[in-house]
Amino acid sequence: MGRPASAPAMGARARSVDQPPVRARVPTMAFDHLLQPLRIGSVTVRNRLVMGAMHTRLETLDRPVERLVEFYRVRAAAEVGLILTGGFAPSPEGRMDPETAVLASVEDLERHGHRRICDAVHAEGGSIVLQILHAGRYAKVPECVGPSPRRARINAYAPRALATDEVWHLVEQFATTARLAVEGGYDGVEVMGSEGYLLNEFTSPRTNERTDEFGGDLEGRLRLPVEIVRSVRTALGPERVLVYRISAIDLVPDGLTGGEVLELARRVEAAGADIVNTGIGWHESAVPTIAASVPRAAWRFAVRRVKAAVGIPVVASNRFTTPADADAVLASGDADLVSMARPFLADAELARKTREGRVEQICPCIGCNQACLDAIFTDRAATCLVNPIAGRELDFRSPPPGPAGRRRVAVVGAGPAGLAYAVTAASRGHRVALYDSADSIGGQLDLARRVPGKAEFAELLRYYRGQLDRLGVTVTLGQRVDAAHVVAGGWDTVVVATGVTPRVPDIEGIEHPSVVSSLDVLSGRVEVGPRVAVIGAGGVGFDVAEFLLGDPAECLDAPLFLARWGVDETIGRPGGLLAEGRHSGRPVRPSPRPGDPASAREVTLLQRTPGRLGRTLGKSTGWILRARLAEAGLRELSGVTYERIDDAGLHYLLEGQTHVLPVDTVVVCAGQDSDRLLHEQLIAAGLEPVLVGGAHRAAGLDAAAAIDEATRAAYRL
Ligand code: NAP
Ligand code: SF4
């Protein structure tokens, strides 16, 4: 097998980039950069908002294709500029896992409903580009391949090294997939060259030990992506869009240096790419890139470098969550488009609301990964914690009731379930009154926002406050309502969302003055001493440990975050990693902060179950939290039996030996029980209240499940 002969001359393609008005829009002073159209080849992208590629698992064949069609259609109808699909593999061994879709034949095209997807998006005036992704050594299939036979630490399968003629065949396979994409109606393709997948693996000496023309020096290592771009360009023809997603900073040892990244960007441009999209880090990087603990727009420096190196439009990505941040990066000239992925799960209408100047009505992505990435990593379809309709659009099609069906609804409890019910019901025309005994809305969300790295929860509360106000929900706070009060209201529907109460474990001395609850600590109601034991290592126990030890500034201040994780903004070193930093196991310990008790605190987290702590933490975020806490000196004890709490501290048994932890404060985070008192009283009074959230089911409940349950219940009203 030889090199394809049909490659066009480097940089030969004429590209037109202009700004025709594609739609009349409400005049607005804000977001003018974001709302500018962009013309590429024959494709007019109606604004600069790109919905980044997301693997939703809706692509898999055991799920009806209608779900995926509707997922994209709804977002196109709501005016997103350019949609990038989740990745489709050019060959079976390039699949992310056995369920991932391949696009290698006309049968694949039919099977996955590509034409229906494209027709639906185009009918709504949108543009859609298919991502071609070869997962390389990350492919969770036994037949996975790579440049060399080195196994990735995040995959159980070791790759087989591709022979030289197989690499050339791969170039043809990418072109075949691109040709099929055109046939299916796509406006172009994105070649996935970042996140540590196959093309990245070829570029880096970390994973490429080849001695043929696809290895060795930089020329050899960059050859595969460049050849693929050339052959894909030929397959697409001059009018369709070719996006190349480059790894703007690898964040792995032996990754590319900044200069090498720019060289790749220039070569990809010369080979025929229209747009360079940017990716940050490899999936195996020991530096977080998109979690909520990463400050917003933290990777802008890496995008800026790529933008300065090429003449074609560049897309900024990773931790852009609001139209304001997106517009700012365009205004500064650091990028030409902005990719948001998860924010389009959180609110399908993000683009339209931006154009209409209704940004405060955009439901914010809080960067939690709980219902999107963590779902995918555990073989479930992606949805969104704050918007359970995402990916399930077909389940939420019932029209709002007419005037005769509108109800007077009382919702008791303004935590995640109560808020979701109240806002959903009110948006469907019901008259809603919301009650909570606390002085502010939010319940557990209001506690979570105080934990370092979870500041985005405050945005969600801001959104809910705005929605309650806009939809005319009557909110009564600081008042505990009892059954008599509810009955007297004569409501058509009563919703009990009273949440949970902290479980009090049966430990001798639990009444000791040193014992407090997670609620006491997170709400700031109690002073916590310098030596602390945390009983219970679930999500709340870890949150409390982070609250006591963490530094909120690190999650808000990009330079501080980069310094702590050991990222070199100049990308002078391979992968952009400094010798020291959290990624390296040689953390740069922050100097103690005068007057800050967190920097001098000793915290021990305990559980009864033997083995590693934190097994229930999110797959995509748990490791970040554990790394930060380990550096802050968190002590962990598992397999303990609690004996008693007294003036000496917490006494426990471990491996048959009694120990005492001399602590000033014992924080109980031993799980939650449903608070059903009001529900039982209402039943006794002859009502049939709707029970949602933690009050309904405390075991295994989290905010995602609470919001999902409440939203569905409100649709049934
Ligand atoms: P949880 O996850 O059930 O954890 C409760 C912890 O308390 C466990 O570590 C358990 O460990 C211990 N425990 C249970 N009963 C006990 C008893 N009688 N005596 C002493 N220890 C006891 O509950 P949670 O931490 O309250 O979290 C509630 C929900 O919110 C969970 O679904 C969680 O996933 C979610 N959440 C998640 C996060 C996050 O992922 N970052 C953050 C907050 C909340 P042993 O039984 O081994 O002692
Ligand atoms: Fe964003 Fe969390 Fe929703 Fe994922 S689940 S889209 S991270 S809010």
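Everything numeric here is computed off the predicted structure, so don't read it as measured data.
Using a distance-only test at 3.5 Å, with no hydrogens or angles considered, a donor-acceptor pair links the side chain of Asn155 to the main chain of Ala139. When atom types are taken as modelled, the side chain of Glu110 and the backbone of Glu107 share no donor-acceptor pair closer than 3.5 angstrom. Of the possible polar contacts, one joining the Asp568 side chain to the Gly572 backbone as a donor-acceptor pair under 3.5 Å is found. For Arg221 (side chain) and Gly216 (main-chain N/O), a donor-acceptor pair under 3.5 Å exists by modelled atom type. No donor-acceptor distance shorter than 3.5 angstrom exists from the side chain of Thr621 to the backbone of Leu617, with no hydrogens or angles considered. Remark: the backbone N or O of Phe71 is paired with a side-chain donor or acceptor of Arg75 at under 3.5 angstrom. No donor-acceptor pair closer than 3.5 Å links the side chain of Ser339 to the backbone N or O of Ala316. In this structure a side-chain-to-backbone donor-acceptor pair under 3.5 Å is missing from Ser285 to Gly281. In terms of modelled atom types and a separation under 3.5 Å, the side chain of Trp299 and the main chain of Thr289 share a donor-acceptor contact. Remark: the backbone N or O of Ala390 is paired with a side-chain donor or acceptor of Thr383 at under 3.5 angstrom.
To the nearest 0.5 angstrom, Cys118 atom SG is 10.0 Å from Tyr72 atom OH. In this structure, CD1 in Ile228 is found 7.0 Å from CG in Leu198, a value given to the nearest 0.5 Å. Rounding to the nearest 0.5 Å gives a distance of 5.0 Å between CD1 of Ile366 and CG of Leu385. Remark: Glu190 CD to Leu130 CG distance equals 9.5 Å, nearest 0.5 Å. A distance of 10.5 Å separates OG in Ser584 from CH2 in Trp565, rounded to the nearest 0.5 Å.
For the salt bridge (Lys or Arg N to Asp or Glu O under 4.0 Å) condition, the pairs that include at least one residue of residues 179-188, sequence neighbours left out, are Arg115-Glu183. Screening residues 133-147 for salt bridge (Lys or Arg N to Asp or Glu O under 4.0 Å), with sequence neighbours left out, gives Arg95-Glu143, Arg137-Glu284. For residues 244-258, every residue pair satisfying the salt bridge (Lys or Arg N to Asp or Glu O under 4.0 Å) rule, not counting sequence neighbours, is listed here: Glu195-Arg245. The salt bridge (Lys or Arg N to Asp or Glu O under 4.0 Å) analysis of residues 207-217, with sequence neighbours excluded, yields the pairs Arg150-Glu209, Arg210-Asp212.
In this structure, Asp274 pairs ionically with Arg233, as a charged nitrogen and a carboxylate oxygen lie closer than 4.0 Å. Note on Lys619 versus Asp374: no salt bridge recorded, every NZ/NE/NH1/NH2 to OD/OE distance being 4.0 Å or above. Salt bridge annotation for Arg266-Glu269: absent, with no cationic side-chain nitrogen under 4.0 angstrom from a carboxylate oxygen. Salt-bridge formation is not detected for the pair Asp325/Arg319: no Lys NZ or Arg NE/NH1/NH2 atom is positioned less than 4.0 Å from an Asp or Glu carboxylate oxygen. Ionic pairing of Glu636 and Arg626 is not present here: no N-O contact between side-chain nitrogen and carboxylate oxygen is shorter than 4.0 angstrom.
Taking the salt bridge (Lys or Arg N to Asp or Glu O under 4.0 Å) definition, one finds that Glu554 meets it with Arg564, Arg582, Arg628, sequence neighbours left out. Residues satisfying the ring pair (Phe, Tyr, Trp, His ring centres under 6.0 Å) test with Phe214, not counting sequence neighbours, are Trp168.
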Next item on the list: Assess whether side-chain hydrogen bond (donor to acceptor under 3.5 Å, both in side chains) is satisfied between Arg300 and Ser332, documenting all intermediate values.
Entry: CA-CA 11 Å; Arg300 196 165 150 175; Ser332 70; 2.8 Å; yes

Notebook entry, point to check: Is there a side-chain contact (heavy atoms from CB on, under 4.5 Å) between Glu219 and Arg267 once you walk through the steps?
Noted result: CA-CA 10 Å; Glu219 188 76 23; Arg267 289 182 187 213; 3.0 Å; yes

Check: When you look at Tyr244 and Val232, which way does the side-chain contact (heavy atoms from CB on, under 4.5 Å) test go after all the steps?
Finding: CA-CA 11 Å; Tyr244 185 85; Val232 167; over 6 Å; no

Check: How far apart are the C-alpha atoms of Leu103 and His114, what are their side-chain angles, what is the distance that settles it, and do they pass the side-chain contact (heavy atoms from CB on, under 4.5 Å) test?
Finding: CA-CA 10 Å; Leu103 180 54; His114 289 286; 4.1 Å; yes

Note to self: Using the rule given for side-chain contact (heavy atoms from CB on, under 4.5 Å), can you reason through Val141 versus Tyr157, listing the C-alpha separation, both sets of side-chain angles and the distance that settles it, and then say yes or no?
What the structure shows: CA-CA 7 Å; Val141 292; Tyr157 298 111; 5.6 Å; no

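The two residues Val171 and Leu224 come nearest to each other via the heavy atoms CG2-CD1, 3.7 Å.
Counted by atom type alone, Asn208 and Glu201 present zero donor-acceptor pairs between their side chains at under 3.5 Å.
Ring pair Tyr197/His134: centre-to-centre distance not below 6.0 Å.
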